[in-house]
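Single-structure report; data block below.
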Number of protein chains: 2
Amino acid sequence: MPGELDRLDIKILDRLQIDASESSSEIADRVGLSQSPCWRRMQRLKDEGYVRHTVAILDREKFGESMFIFAQLKMSRLSDEDRDRFVHAIEAIPEILEAYTLFGELDVMLKVLAPNIGWYQNFTFRTLLRLPGVEDVRSTATLSELKCTHRLPLPSLPA
Amino acid sequence: MPGELDRLDIKILDRLQIDASESSSEIADRVGLSQSPCWRRMQRLKDEGYVRHTVAILDREKFGESMFIFAQLKMSRLSDEDRDRFVHAIEAIPEILEAYTLFGELDVMLKVLAPNIGWYQNFTFRTLLRLPGVEDVRSTATLSELKCTHRLPLPSLPA
DNA sequence: TATGAAAAGATAATCCC
DNA sequence: GGGATTATCTTTTCATA
């Protein structure tokens, strides 16, 4: 609901998703406000949930080799209870960074961070295929990262 | 290279990727240090590039309906120059949040944030298929998000 | 070399206009 | 929303082990 946001709010949010370590006065300068109203807006935007959290993005290459692998899962029909078990299991596996339900033939897409292909092979057989309801796994391994941002395209409000 | 990191560094990095808005004294408490050595470690970890940046993660549901779509591209053989043009084009499109080169039959995986399917259909024909070298696009639309984190699994160092 | 205490500086948070 | 003030946190310095 961007109906409650004006252009200054949008600018502030965009600054925050580019660099959340800037001070409220720096952001105030950039968006054309003075420190206290800018700080009040930042506070309100956090309180109202526009900002989910503030995190450090680490350089994964610093921790040795690793690769993202996209895994598409074919699922059997699940009871609500099994579906919950499945979601909780995914939550508990730190190498699964993202999970989405899908349109179409396959049912779930996972983004997995694997140290190497050997690790992933074990992971497929010993973890993924043992999750509740998982019938089949189709995997796509990545070679290199061309782009990776967390900056959402924000609405550019009219006058 | 985690060889230069001890367990305290790892704990600090993990706290930062969970919540980078905590003060150095809060983090110091959590990892069992006093404020200034903890601050110095945080500083060093940033200087040495373990922290790429600090960002606010926004709640995309607050900005109206949107969906992630994974697009797999089949590319023609590209000259180095065309490859650069392709990468720069991707950089400049804000709705493309991530891009990876792939093993296997298809060549590139994109993660696209689309307001709706209609927008994505236009985007496919008017943008993706006109990028340098793109011959074919195979798309997988997501229905809902089961998990989304940016927390990397960090090595748990032995004694 | 690393730590902790403490001072100096910057920023966040509140008040009043 | 802006300006000024106070509270809090960051950053530097210094003494210590």
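Order of the sequence lines sets the chain letters (A, B, ...), proteins ahead of strands, with each chain counted from 1.
Near DNA chain C, meaning a heavy atom under 4.0 Å away, the residues from residues 35-42 of chain A are A/Gln35, A/Ser36, A/Trp39, A/Arg40. Across residues 15-33 of chain B, not one residue has a non-hydrogen atom less than 4.0 Å from an atom of DNA chain C.
Under the salt bridge (Lys or Arg N to Asp or Glu O under 4.0 Å) criterion, A/Glu98 pairs with A/Lys111, B/Lys111, not counting sequence neighbours. Remark: B/Ser24 engages B/Gln35 in a side chain to side chain donor-acceptor pair (under 3.5 Å) (not counting sequence neighbours). With sequence neighbours excluded, the residues forming a side chain to side chain donor-acceptor pair (under 3.5 Å) with B/Asp19 are B/Ser21, listed by chain and number. A/Lys147 meets the salt bridge (Lys or Arg N to Asp or Glu O under 4.0 Å) test with no other residue; sequence neighbours excluded. Evaluation of the salt bridge (Lys or Arg N to Asp or Glu O under 4.0 Å) rule for A/Asp14 yields A/Arg151 as partners, not counting sequence neighbours.
With B/Asp9 as the fixed residue, the salt bridge (charged side-chain N to carboxylate O under 4.0 Å, His left out) test singles out one of B/Arg44, B/Arg15, B/Arg40: B/Arg44.
Residues in residues 71-82 of chain B take part in these salt bridge (charged side-chain N to carboxylate O under 4.0 Å, His left out) pairs, two or more places apart or across chains: B/Lys74-B/Asp107, B/Asp82-B/Arg85. Residue pairs meeting the ring-ring contact (aromatic ring centres under 6.0 Å, His included) criterion with at least one partner in residues 91-110 of chain A, sequence neighbours excluded, are A/Tyr100-B/Phe68, A/Tyr100-B/Phe70.
Salt-bridge formation is detected for the pair B/Glu145/B/Arg60: a Lys NZ or Arg NE/NH1/NH2 atom is positioned less than 4.0 Å from an Asp or Glu carboxylate oxygen. Between A/Asp6 and A/Arg41 there is a salt bridge, since a side-chain N of the basic residue sits under 4.0 Å from a carboxylate O of the acidic one.
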Which side-chain N or O atoms in residues 124-139 of chain A pair as donor and acceptor under 3.5 Å with protein atoms at least two apart or in another chain?
{"unit_1": "A/Thr124", "atom_1": "OG1", "unit_2": "A/Tyr120", "atom_2": "O", "d": "2.8"}
{"unit_1": "A/Ser139", "atom_1": "OG", "unit_2": "A/Tyr120", "atom_2": "OH", "d": "2.8"}

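Nucleotides of DNA chain C that come within less than 4.0 Å of any heavy atom of chain A span, from the 5' end to the 3' end, C/dT11 to C/dC15.
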**Report entry** Under the 3.5 Å Watson-Crick or G-U criterion, the dot-bracket string of DNA chain D, with | for inter-strand pairs
**Finding:** |||||||||.|||||||

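Heavy-atom contacts from other residues, nucleotides or ligands closer than 6.0 Å to CZ of B/Arg52 number more than 12.
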